[in-house]
Every structure is written in structure tokens, then in C-alpha cells.
Visitor: 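Mind looking over this structure? Questions follow.
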Amino acid sequence: MQFRDLKAQYTALKDEMDKAILEVVASSAYVMGPKIKEMETAFADYVGVKHCVACNSGTDALLLALKAWDVTAGDAVFVPSFTFFASAEVIAMQGATPVFVDVDKDTFNMDVADLEHKIEQTKKAGKLTPRVIIAVDLFGLPADFMAVRKVAEKHGLYVLEDGAQGFGGRIGEQKACTFGDISTTSFFPAKPVGCYGDGGAVFTNNDKWAELMDSYHIHGKGSDRYDNIRIGMNSRMDSIQAAILLVKLKAFKEYELADVNKVAARYTEKLKDVVKTPIVPEGFYSSWAQYTIQVGNKEIRTGLQAALKALDIPTAIYYPIPMHRQTAFNYLNPNENQCPVSDKLADTVLSLPIHPYLSEKEQDMICETVCSFLRK
Ligand SMILES: *Cc1c(COP(=O)(O)O)cnc(C)c1O
């Protein structure tokens with residue numbers, strides 16, 4: 001069994017996909033060809049923002065946003081401790097200081113009370129200037145952006161939505177990747193919409209920031225191609241990936257997002273009496289980058305993972321080490337007790353296989369194995 005069956009997806013899309021890829025190959029417009037504009041327009045229209053700039057990864061997308069805001073040494077950026085490393089890494093890459101915020105035990109997303117607390121603490125210490133809140137749509141569920149926005153407005157901070165896992169999610173009718181002043185996503189193959197390699201994008205309604213990020217992602221270009229007006233990077237998306245994403249977006253809109261939600265609903269129905277299943281708050285809609293259960297402790301998790309593995313059912317631990325315990329962040333001298341929920345989740349979470357092509361038979365086998373192990 002596959003954790004995320006990309007081969008089944010390719011098989012389903014093969015005719016259209018092969019045609020789209022070969023078209024780019026035949027066109028020889030491999031870099032910044034017309035497919036890029038087409039992809040950017042389609043993705044901006046889908047989420048409902050004015051600008052999308054395609055780039056080389058979700059990590060670069062975050063970096064481009066921080067560059068547009070000139071986030072630099074002496075700035076504090078607030079980020080959840082329970083996330084993928086890149087959310088925090090980019091802050092340090094800009095020379096700024098990450099301040100780790102704990103998460104909510106039910107949604108896995110930023111705990112807004114702790115956010116407020118960490119901002120107050122940072123202000124009181126007086127060493128750093130609070131600038132940005134990076135709120136992550138973890139596992140496909142949008143963060144609580146109404147609450148995050150309120151805190152941001154109170155303290156005059158920008159909101160950066162890390163929607164690397166969140167593409168396709170919604171709060172009410174508003175789609176993920178529109179909640180930040182700038183929002184980002186990743187098209188890494190295993191994300192809700194993935195390409196066949198690395199890719200990412202930034203989204204914003206702000207003309208000035210869109211122009212800056214467009215410039216930064218191509219060597220700080222100005223209007224004259226050979227007069228570069230700022231120090232940038234090489235973070236273009238390949239035309240071939242844009243063509244792949246256009247085919248994938250169509251399938252995602254037509255059935256994949258609905259189908260992955262059916263799998264999640266069925267999992268929850270079958271598992272909710274034996275284990276803590278993921279909670280989607282009223283009015284929220286997830287794109288299920290992961291389906292993550294919580295068990296009583298680390299020993300139970302190790303046993304359950306082994307029982308599943310014995311039946312060829314793959315699982316994953318997202319994430320075993322919170323940001324405040326990452327070796328790379330030792331230099332921040334992190335306080336042991338700064339993010340207790342993140343610490344607990346690191347020991348108790350387990351992600352089950354989930355994707356739109358997971359058969360009911362496979363779902364049943366997974367659920368029966370989890371139930372029989374936990375009822376023992
Ligand atoms: C995957 C991921 C990223 C980074 O995206 P890449 O395309 O792999 O660079 C950033 N943040 C989160 C939360 C992610 O899951």
C-alpha cells in the first residue's frame with residue numbers, strides 16, 4: 001500500500017498528462033514560457049486573489065514574502081513550533097529571529113492565546129522588533145485566521161499564510177492561500193496539489209509586493225533585463241511543472257478534493273470511538289494533506305505503527321521534533337517549557353495513508369487494524 005499513491009494518480013491522468021508534458025518539450029519554451037502565465041492565472045483565479053507568482057518551491061515562496069517585507073536581522077517572526085522545518089528556516093535565512101508559538105491540541109494550528117503571549121513577551125524583552133506572524137495551515141486545515149488577524153492588527157504585524165499543506169482548504173467560502181497579506185503554497189509531489197518535482201507559489205492582492213516578489217525570484221530583475229535592481233535569487237518554476245500543475249488543478253477541482261474529503265469522513269466515522277481523530281472546526285474545510293490521529297503515548301504509537309507495518313500499511317510521524325528542539329535552533333537557547341502541546345503531539349501523533357485514490361477496501365483494512373490494536 002502507498003502512503004500517498006502518486007502512481008495511481010498518474011495512471012488516472014496519463015493521457016492528458018503525457019500530452020501536456022510533450023507539448024512543452026516540443027515547444028522548447030522550457031523556462032518562463034507561456035505555460036507559466038497560464039498556470040499563475042489559473043491558480044490565482046482558483047483561490048481568488050489578484051496575483052500569483054510561481055516559483056521553485058514552497059520554501060522559496062516563504063522566503064520571497066519575507067524579502068518583499070524586508071524582514072531582516074533584529075526582526076522577530078512568530079511561527080508555530082509544530083510544523084515542517086521550512087516554515088521557521090526561512091526566518092533565520094533572512095537573519096531574523098524565529099519566536100516559536102505553541103499549537104492547539106485539537107486543530108494542530110497556531111494557538112492564538114500563546115501567540116499573544118509570545119508577542120507581549122518579545123515586546124517586553126525589547127531586543128527584537130515584532131514584524132510578521134507566519135500561520136501554517138497544518139495537514140490541510142486553515143489556521144484560525146479571524147483570530148490571527150485580530151492579533152496582527154492589534155500589534156501592527158503582517159500575516160504570512162504558509163499554505164504549503166493548505167491548498168484547497170476553506171473557511172466559509174474563502175479559500176486557503178488568500179488569508180495572509182501574502183500567502184504561499186508548495187507543489188512538492190506529496191502536497192494536496194503536487195507537481196513532478198519541486199515547485200511553489202506566492203499569492204497576494206497587493207500590487208507592490210507582487211512586483212517585488214516577481215523581481216526577487218528572477219535575480220532581482222528590473223524592467224531592463226540586464227540591469228538588476230536588487231539582489232535576488234533564481235527561483236523560477238519550470239514550464240514543464242506549470243503544464244503538469246494545470247492538469248492536476250483540473251482533477252483537483254473536479255473530483256480529487258471531494259474524494260479525499262470522503263476518505264477523511266469515512267476514517268473519522270470508523271475511528272472516532274477508539275482514537276482521537278482530527279477535528280475540523282465548524283465552517284472550516286480541510287484539503288487533508290495528512291490525516292493525523294493522536295494516541296495515548298509514544299509506546300502505544302510504536303506498537304500501532306508496527307502492527308500496521310506488518311500488514312504493509314505505511315504510516316508517518318509528522319512531526320517527531322518540534323522547532324524549539326531542532327538542533328539548528330540550539331543557538332536560540334530555547335526554553336524547555338515554551339511549547340508543551342507541541343512536545344506532547346511530537347510523541348502522540350500518527351499520520352495514516354490518505355489520498356483521493358485510496359480504495360474503500362484499503363480504508364477498511366487500515367481502520368480495522370487500528371481498532372483491533374487499540375481495543376486490545
Ligand atoms: C512542504 C512544506 C514547506 C516547504 O515546501 P517545499 O516545496 O518542500 O519547499 C513549507 N511549509 C510547510 C508547512 C510544508 O509542509
Side-chain angles (χ1 to χ4, degrees), residues 3-4 6 39 43 52-67 77-94 98 100-101 103-104 107-110 132-145 148 159-169 176-177 179-180 182-203 213 216-217 233-238 241-242 244-245 248 278 286-292 316-323 326 328-329 342 345-346 349 351 354-355:
F3 190 70
R4 195 164 188 95
L6 298 172
M39 175 271 166
F43 277 74
C52 166
V53 179
C55 64
N56 197 250
S57 70
T59 307
D60 280 2
L62 292 166
L63 204 53
L64 287 166
L66 296 183
K67 284 186 183 297
V77 177
F78 301 86
V79 66
S81 188
F82 193 68
T83 182
F84 178 63
F85 188 63
S87 315
E89 179 183 31
V90 291
I91 303 165
M93 279 172 85
Q94 281 298 100
F100 302 121
V101 178
V103 295
D104 181 87
T107 64
F108 306 108
N109 281 332
M110 187 177 252
V132 178
I133 300 166
I134 300 182
V136 180
D137 302 331
L138 207 72
F139 303 152
L141 180 71
D144 184 357
F145 283 102
V148 169
V159 175
L160 174 52
E161 177 188 9
D162 180 352
Q165 303 180 14
F167 193 84
C177 298
F179 295 113
I182 297 174
S183 301
T184 66
T185 199
S186 163
F187 301 117
F188 180 79
K191 307 284 165 136
V193 174
C195 56
Y196 290 170
D198 279 307
V202 293
F203 300 89
M213 293 188 287
Y216 276 120
H217 97 296
M233 49 212 263
N234 174 5
S235 186
R236 296 173 296 233
M237 173 177 280
D238 293 333
Q241 302 298 355
I244 289 162
L245 284 167
K248 291 262 200 138
S286 176
S287 56
W288 299 105
Q290 301 297 340
Y291 187 93
T292 303
I317 296 169
Y318 299 124
Y319 294 93
I321 307 174
M323 291 308 111
Q326 292 283 333
F329 289 127
S342 301
L345 291 174
V349 288
S351 300
I354 192 161
H355 57 81

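Start at 1 and go down the list; that is how both ligands and their atoms are numbered.
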Visitor: Can you figure out which of A289, S186, C195, G197 has its heavy atom closest to atom 8 (O) of ligand 1?
Guide: S186
Visitor: Working to the nearest 0.5 angstrom, can you tell me the gap between F100 CZ and M110 CE?
Guide: 11.0 Å
Visitor: Hey, does F78 have a side-chain heavy atom less than 4.5 Å from the side chain of V148?
Guide: no
Visitor: Please tell me if the side chains of N56 and M233 come closer than 4.5 Å, counting only heavy atoms from C-beta onward.
Guide: no
Visitor: At less than 4.0 angstrom from any non-hydrogen atom of T59, what atoms of ligand 1 do you find?
Guide: 4 (C), 5 (O), 6 (P), 9 (O)
Visitor: Could you tell me, atom by atom, which parts of ligand 1 come under 4.0 Å of a heavy atom of S57?
Guide: 7 (O), 9 (O)
Visitor: Considering non-hydrogen atoms of the protein only, which is the closest contact for atom 13 (C) of ligand 1, and what is the distance?
Guide: D162 OD2, 3.4 Å
Visitor: Between ligand 1 and G200, can you find any atom pair, the residue atom being a heavy atom, that is separated by under 4.0 Å?
Guide: no
Visitor: Given Q165, Q290, K191, identify the one with the heavy atom nearest to atom 2 (C) of ligand 1.
Guide: K191
Visitor: Can you tell me if Q241 uses its side chain to pair, donor with acceptor, with the backbone of D198 under 3.5 Å?
Guide: no
Visitor: Would you find a donor on one side and an acceptor on the other, under 3.5 Å apart, between the side chain of S183 and the backbone of F203?
Guide: no
Visitor: Could you tell me which atoms of ligand 1, counted from 1 in the order shown, lie closer than 4.0 angstrom to a heavy atom of V136?
Guide: 13 (C)
Visitor: Looking at N109 and L141, would you say the former's side chain and the latter's main chain have a donor-acceptor pair under 3.5 Å?
Guide: yes
Visitor: Verify, without hydrogens or angle tests, whether R236 (side chain) and C55 (backbone) share a donor-acceptor contact under 3.5 angstrom.
Guide: no
Visitor: Evaluate G58 for polar contact with ligand 1, using N/O atom pairs at a separation under 3.5 Å.
Guide: yes
Visitor: Give the atom numbers and elements of ligand 1 that come within less than 4.0 Å of a heavy atom of T83.
Guide: 13 (C)
